[in-house]
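The analysis underlying the following values was restricted to heavy atoms, covering all of them including side chains, and did not include hydrogens, waters or symmetry mates. All values reported here derive from a predicted model rather than from experimental measurement. We count residues from 1, following the sequence as given.
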Amino acid sequence: KDNNVWAFVLKNTYRPSLLKAQFDFIASNPPWLAMSSFPAARYKDQLESLIESYRVTPSGQSRHHMEIATLFSIHCATHYLKNGGSFAFVQPRVILNGDQHDPLRRSKFLYIAPITVEHLWDLIDVEPLFKRPACVIFGRTSEDPLGFPNELPCTAFRGNPFKNMEYREKEPLKLTTLGQKSSYSDSEHGYLEATTRYLDGFRQGADIMPRRAVIVDIQGRKDAAILSIRTAQAEILNWNNKSPWNEIELDGTIERQYVFNTLKSDVVLPFTSGNHVYAALPVRIHEGIFEILGVSELARLGHTRAKRWFQ
């Protein structure tokens, strides 16, 4: 009730004198919590002070979503590793494209944290694992640090960690920046090789609201005829969802043709894009045109699961 666990973590974070630069290697899964999760208390002030000292404070409303996992990783590598020491940190995958991690991707910590990130494991296709997509960053400390590179070598894993796993080396993730936005993406998903055929007809993207009723995670097989879906964990944690829609949390099954790959505006950048999400929509595509289907039409088609989901 007194949040003693976090007080303990912070006390150890601020006790580097005997252990400073004593380790050759650190491997850790630091706590995944946003700053907004902490009550107003002295150790929250200490965290905010640390974030500012490493110059990774996000701008605007993004500062409330800053993950302390990234802060703890930078701090541990800086204070506990020897020069040339190596690290491996499990991180929320949102560090690759979330606005709250833009200063991290731009390596604004370099003036005080001599860190070079050398490789990333992408665990987005590993199930079961965590409730949120994850990755692992590998790197080292050195006298000539590079921070996060413009091209980040990446190994992708997929499968069940308790059964069979497979992996492959992907094309390096490329860092794209535009003003206050930045994102890591790979050439396999998102880089344009030709002019889109939608260019002449494009006006703006779709406004899909409320997102907690539409954006979903697929549980289990993604190629099944009937999909098991639930409200996306990322939307449950999204503080931008307003009342009363921020209480929506759905779980059920649906016919596969009503779940679409979707790009949200916050991952679209010039000539590239971040990762897609899944959206459950009562529509069908007929001769290139989206048609909205009502509950009665879904029933007539015999798509009872979609009817129940959208009802």
Side-chain angles (χ1 to χ4, degrees), residues 93-94 96-97 122-135 156-168 170 185-191 196-198 201 205-238 241 245 247-268 273-311:
R93 197 176 184 278
V94 72
L96 299 179
N97 49 40
D122 191 351
L123 307 180
I124 192 171
D125 291 322
V126 176
E127 295 180 2
L129 193 58
F130 305 118
K131 291 184 178 180
R132 296 167 58 193
C135 65
F157 289 79
R158 65 179 299 168
N160 187 322
F162 301 103
K163 296 180 181 179
N164 295 320
M165 290 276 290
E166 60 184 42
Y167 70 91
R168 65 185 179 92
K170 296 175 61 174
S185 59
D186 60 73
S187 58
E188 299 174 8
H189 300 92
Y191 275 82
T196 172
R197 62 191 178 96
Y198 300 109
D207 292 322
I208 303 175
M209 301 292 179
R211 285 186 173 181
R212 284 184 64 149
V214 176
I215 307 300
V216 298
D217 288 333
I218 298 176
Q219 305 174 81
R221 288 181 53 187
K222 294 180 172 63
D223 59 349
I226 303 298
L227 300 176
S228 176
I229 60 174
R230 64 184 177 189
T231 298
Q233 185 67 19
E235 292 303 324
I236 293 174
L237 299 173
N238 187 348
N241 290 314
W245 315 116
E247 299 297 326
I248 294 174
E249 193 164 342
L250 305 176
D251 195 323
T253 57
I254 194 170
E255 289 79 5
R256 180 179 170 185
Q257 61 263 46
Y258 297 107
V259 177
F260 298 84
N261 288 336
T262 306
L263 282 175
K264 293 164 58 178
S265 60
D266 56 0
V267 298
V268 177
S273 62
N275 293 300
H276 70 263
V277 296
Y278 295 105
L281 302 171
V283 301
R284 66 182 171 191
I285 304 174
H286 179 65
E287 295 182 353
I289 298 175
F290 280 86
E291 297 180 359
I292 298 177
L293 303 178
V295 172
S296 59
E297 180 64 10
L298 291 170
R300 187 188 70 78
L301 293 170
H303 297 162
T304 55
R305 290 178 172 82
K307 172 180 176 291
R308 192 158 51 241
W309 179 271
F310 295 118
Q311 205 168 25

Problem set entry | Arg93 and Ile124, any side-chain heavy atoms less than 4.5 Å apart | yes
For this session: Please report the closest heavy-atom contact between Met165 and Asn160, naming both atoms and the distance.
Result: CG-O, 3.5 Å
Exercise. Glu297 and Arg284: side chain to side chain contact (heavy atoms under 4.5 Å, CB included), yes or no, with the steps?
Worked result: CA-CA 11 Å; Glu297 180 64 10; Arg284 66 182 171 191; 3.8 Å; yes
Exercise. Is any side-chain heavy atom of Leu250 closer than 4.5 Å to a side-chain heavy atom of Arg230?
Worked result: no
Problem set entry | Step-by-step side chain to side chain contact (heavy atoms under 4.5 Å, CB included) determination, Ile226 to Glu255 | CA-CA 5 Å; Ile226 303 298; Glu255 289 79 5; 4.0 Å; yes
For this session: Would you sort out whether Leu237 and Arg132 count as a side chain to side chain contact (heavy atoms under 4.5 Å, CB included), showing the intermediate values?
Result: CA-CA 10 Å; Leu237 299 173; Arg132 296 167 58 193; 3.4 Å; yes
For this session: Kindly check if the number of other-residue, nucleotide or ligand heavy atoms within 6.0 Å of CG (Asn164) is above 12?
Result: no
Problem set entry | Heavy-atom pair with the smallest gap, counting every atom of Ala280 and Ile254 | CB-CD1, 4.3 Å
Problem set entry | Exercise: identify the closest heavy-atom pair between Ala279 and Ile215 | CB-CD1, 4.2 Å
Exercise. Should Arg212 and Glu235 count as an ion pair when the cut-off is N to O under 4.0 Å?
Worked result: no
Problem set entry | Between CD1 on residue Ile285 and CD on residue Gln257, distance to nearest 0.5 Å | 11.0 Å
For this session: Over all heavy atoms of both residues, which pair between Val283 and Phe290 is shortest? Give the atoms and the distance, please.
Result: CG2-CD2, 3.6 Å
Problem set entry | Check: Thr231 and Asp251 side chains under 4.5 Å, non-hydrogen atoms | no
Exercise. Looking at side-chain heavy atoms only, is the closest gap between Ile229 and Gln219 below 4.5 Å?
Worked result: no
Problem set entry | Straight-line distance of Asp125 CG to Glu166 CD, nearest 0.5 Å | 9.5 Å
Exercise. Could you walk me through whether Trp309 and Leu298 pass the side chain to side chain contact (heavy atoms under 4.5 Å, CB included) check?
Worked result: CA-CA 11 Å; Trp309 179 271; Leu298 291 170; over 6 Å; no
Problem set entry | Heavy-atom check, side chain of Thr253 versus side chain of Leu227, under 4.5 Å | no
Exercise. Who pairs with Lys222 by side-chain contact (heavy atoms from CB on, under 4.5 Å), at least two apart in sequence or on another chain?
Worked result: Glu127, Ile218, Tyr278
Exercise. By ring-ring contact (aromatic ring centres under 6.0 Å, His included), which residues pair with Phe260, not counting sequence neighbours?
Worked result: none
Exercise. How long is the span from the OG atom in Ser185 to the CG atom in Asn97, to the nearest 0.5 Å?
Worked result: 9.0 Å
Exercise. Roughly how far apart are Phe162 CZ and Leu129 CG, rounded to 0.5 Å?
Worked result: 8.0 Å
Problem set entry | Closest non-hydrogen atom pair, Gly159 against Pro161 | O-CD, 3.6 Å
Exercise. Ile248 and Pro210: which non-hydrogen atoms are nearest, and at how many Å?
Worked result: CD1-CG, 3.9 Å
